[in-house]
Amino acid sequence: MSPSTRDREPWRAPRGMRDVLPEEAPAWDRLEGAARRLSRSRGFREIRPVLLEETELFTRSVGEVTDIVEKEMFTLKKGDTSLSLRPEGTAGIARAYLQAGYAKRAPVQKLFTVGPMFRYERPQKGRDRMFTQFDVEVIGTLDPRADVEVVHLAACFFEDLGIEGLEVRLNSMGDGADRDAYRAALRAFLAPKMDRHCDLCRSRFERNVLRVLDCKNPDCQALHEGAPGILDFLSPENRGHFEEVGALLESLGRSVVVDPGIVRGLDYYTRTVFEVHYPALGARSALCGGGRYDHLVRDLGGPDLAAVGFAIGFTPTLLVLGELGLLDDLPESVPEAYVVAADAAGRREALAIAEELRSAGIGATFDLEERGLKAQMKVAGKVGHLLAVLIGEDELARGAVTIKDMVRREQREVPRGELTRAVRAILGSAEPG
RNA sequence: GUGAGUGUAGCUCAGGUGGUUAGAGCACCAGAUUGUGGAUCUGGGGGUCGGGGGUUCGAGUCCCCUCACUCACCCCA
């Protein structure tokens, strides 16, 4: 027998997952609104891929030896099928793109999506197991202007939210031969001195050589002196592409910092990689990461189409906005009118009055607890309704309603037939334009 | 996965060396003002002191276990 409900501890959301409560919804609205508005105004189309994919889609695209695939996916098994909640957005979008046939009928697509991703990992500051991302992808072109569209959009998103002093860091990982050549060169450079590096470096040396250079340990840093730089290995073509992206961004007034240290962790990245930082945050200042994945579509069984994109996590973004005080004064949306019932007779009529206002396109609600007149007025004022419509025996007897302007604290009685007109008059004067 | 910290009312927190019915502020409800809001005053409701076990005459307080949260590492989509 399972324990009764009384015996267990209160239900709570699964570890690392949090509810967005009504009080927090305005902030989320703001982020989602900015993401959609800025994307659409640039010709990006919204796509909403399924949240579950066949597990193998992620192992193929992200790389089988990464932690992501090895232990950080929420996987559901049922019969012969193994499905996983998406740990990132790109693979699903590329899959949907192929499935929809865009590769043949309209290969160049500018796409975006906003939605939840899932990662089974130890929760930490700014890192939840269910988190929301704003994902942007341009699939089907290697045009440097596509890179610029993507990078610039990421930066504009943060600026639209009011974050200033951003730093766009740019790098190229090359592609194919030059990428391989660089890895080999770096490996050759580091190999003789690996015994003097820290454990972390040795681990990275095996896993992902490029990340060895990320080590913060001063001793290791010293050993990195003279290490080969990726930019010196780029083919003329890739070098030209990288420089063109930078030049075009500068031409838009978007200054960039070339940072050879930027190494995205996933296997599928090629050529352009970038991060948008808010340096004031210090060690963990990256708000956005992205880059090219020019062979992902091919690896998923489609044609060899180039693509570039980014992901912005809402959690770190909200953290920054909160610290900057940019989330204060974000009011919840409330209906304009609050219908206040003075007595039992008024309570019956409140419903009809609210509905009449709603029919006229005016938001209206009322108390559901048979609370006193004073308590209802208090709610109306506190919640932020612009006006109260008071109804009770007196008004009913006279075929009238009392309308109170909550902002000006003035009220007057009008014939019931004048209700919407009088309400509109108050709303019109309260919100000029 | 590793390490550390914290768990007392819806929220933020008090509760020296264990000692009777566990407190405050905010929030909430009601009244003062028998039909009217953000102030004030008065009163009120609300707590498995994370959970379990142990020590003790007695545990919010000490010990063990466990769970949750937080922070860092790892990893980074």
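So you know, we letter chains A, B, ... as the sequences are listed, proteins then strands, and number each from 1.
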Exercise for the section: Return no unless some side-chain N or O of A/R119 is found under 4.0 Å from OP1 or OP2 of B/rC74. Expected result: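 For B/rC74, OP1/OP2 do not have a side-chain N/O of A/R119 under 4.0 Å.
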Handout entry: For A/H197, side chain to side chain donor-acceptor pair (under 3.5 Å) partners two or more places apart
Key =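 Applying side chain to side chain donor-acceptor pair (under 3.5 Å) to A/H197 gives A/H224.
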Sticking with atom [atom1], work out how far [N] lies from [M], rounded to a whole angstrom.
| N | M | atom1 | answer |
| --- | --- | --- | --- |
| B/rC28 | B/rU20 | C1' | 31 Å |
| B/rC71 | B/rG60 | C1' | 25 Å |
| B/rA24 | B/rG47 | C1' | 14 Å |
| B/rU61 | B/rU56 | P | 16 Å |
| B/rG25 | B/rU70 | C1' | 24 Å |
| B/rA14 | B/rA9 | P | 12 Å |

Handout entry: Ion pair check, A/E410 and A/R412, cut-off under 4.0 Å
Key =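 A salt bridge is absent here (no side-chain N lies under 4.0 Å from a carboxylate O).
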Of all the nucleotides listed ([options]), which has the minimum atom distance to the side chain of [X]?
| X | options | value |
| --- | --- | --- |
| A/R15 | B/rC28, B/rC69, B/rC74 | B/rC69 |
| A/A342 | B/rC29, B/rG37, B/rG35 | B/rG35 |
| A/K374 | B/rA77, B/rG37, B/rC75 | B/rG37 |
| A/R18 | B/rU36, B/rC28, B/rU70 | B/rU70 |
| A/R204 | B/rU36, B/rC75, B/rA77 | B/rC75 |
| A/K382 | B/rA77, B/rC28, B/rU36 | B/rC28 |
| A/S203 | B/rA77, B/rC75, B/rA30 | B/rC75 |
| A/L390 | B/rC74, B/rA77, B/rU36 | B/rU36 |

Would you say the side chain of [X] and the base of [N] hold a donor-acceptor pair, judged only by whether the two atoms sit under 3.5 Å apart?
| X | N | result |
| --- | --- | --- |
| A/E72 | B/rA77 | yes |
| A/Q124 | B/rU70 | no |
| A/K404 | B/rG37 | yes |

Round to a whole Å and report the spacing from [atom1] of [X] to [atom2] of [N].
| X | N | atom1 | atom2 | value |
| --- | --- | --- | --- | --- |
| A/M377 | B/rA30 | CE | C1' | 18 Å |
| A/L296 | B/rA77 | CG | C1' | 12 Å |
| A/D394 | B/rU34 | CG | C1' | 13 Å |
| A/R347 | B/rG35 | CZ | P | 12 Å |
| A/D128 | B/rC69 | CG | C1' | 12 Å |
| A/I391 | B/rG35 | CD1 | C1' | 12 Å |
| A/R202 | B/rC74 | CZ | C1' | 16 Å |

Handout entry: Closest contact, heavy atoms only, A/F157 versus A/A34
Key =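 Answer, listing the atom of A/F157 first, then A/A34: CE1-CB, 3.9 Å.
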Practice task
Kindly give the heavy-atom pair with the smallest separation between A/I47 and A/L111, and that separation in Å.
Solution key: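 Scanning both residues completely, I find the closest heavy atoms to be CG2-CB, 4.0 Å.
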Handout entry: Geometric cation-pi criterion, A/R129 with A/Y120: 6.0 Å, 45°
Key =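 Positive - A/R129 is close enough to the ring of A/Y120 and near enough to its axis.
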Exercise for the section: State whether A/F205 and A/R187 meet the cation-pi test: NZ (Lys) or CZ (Arg) under 6.0 Å from the six-membered ring centroid, and within 45° of the perpendicular axis. Expected result: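 Yes, A/R187 sits over the ring of A/F205.
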Handout entry: Paired nucleotide for B/rG7 [Watson-Crick or G-U wobble; both distances under 3.5 Å]
Key =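 B/rC67 - that is the nucleotide pairing with B/rG7, both distances being under 3.5 Å.
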N/O to N/O distances under 3.5 Å, protein versus nucleotides 2-5 of chain B:
unit_1	atom_1	unit_2	atom_2	d
B/rU2	O4	A/R122	NH1	2.8
B/rG3	O6	A/R122	NH2	3.4

Answer with base, sugar-phosphate or nothing: what part of the nucleic acid does [X] contact at a heavy-atom distance below 4.0 Å?
| X | answer |
| --- | --- |
| A/G309 | nothing |
| A/E395 | base |
| A/R127 | base |
| A/K125 | sugar-phosphate |

Problem - Given A/T90, A/V297, A/L98, the one that forms side-chain contact (heavy atoms from CB on, under 4.5 Å) with A/I139 - result: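 So the option named by the test is A/V297.
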Exercise for the section: Enter the distance from A/F274:CZ to A/R292:CZ here, rounded to the nearest 0.5 Å. Expected result: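 It comes to 11.0 Å.
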Practice task
For the residue pair A/R271 and A/V245, establish whether any side-chain heavy-atom pair is separated by less than 4.5 Å.
Solution key: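 Answer no - side chains too far apart.
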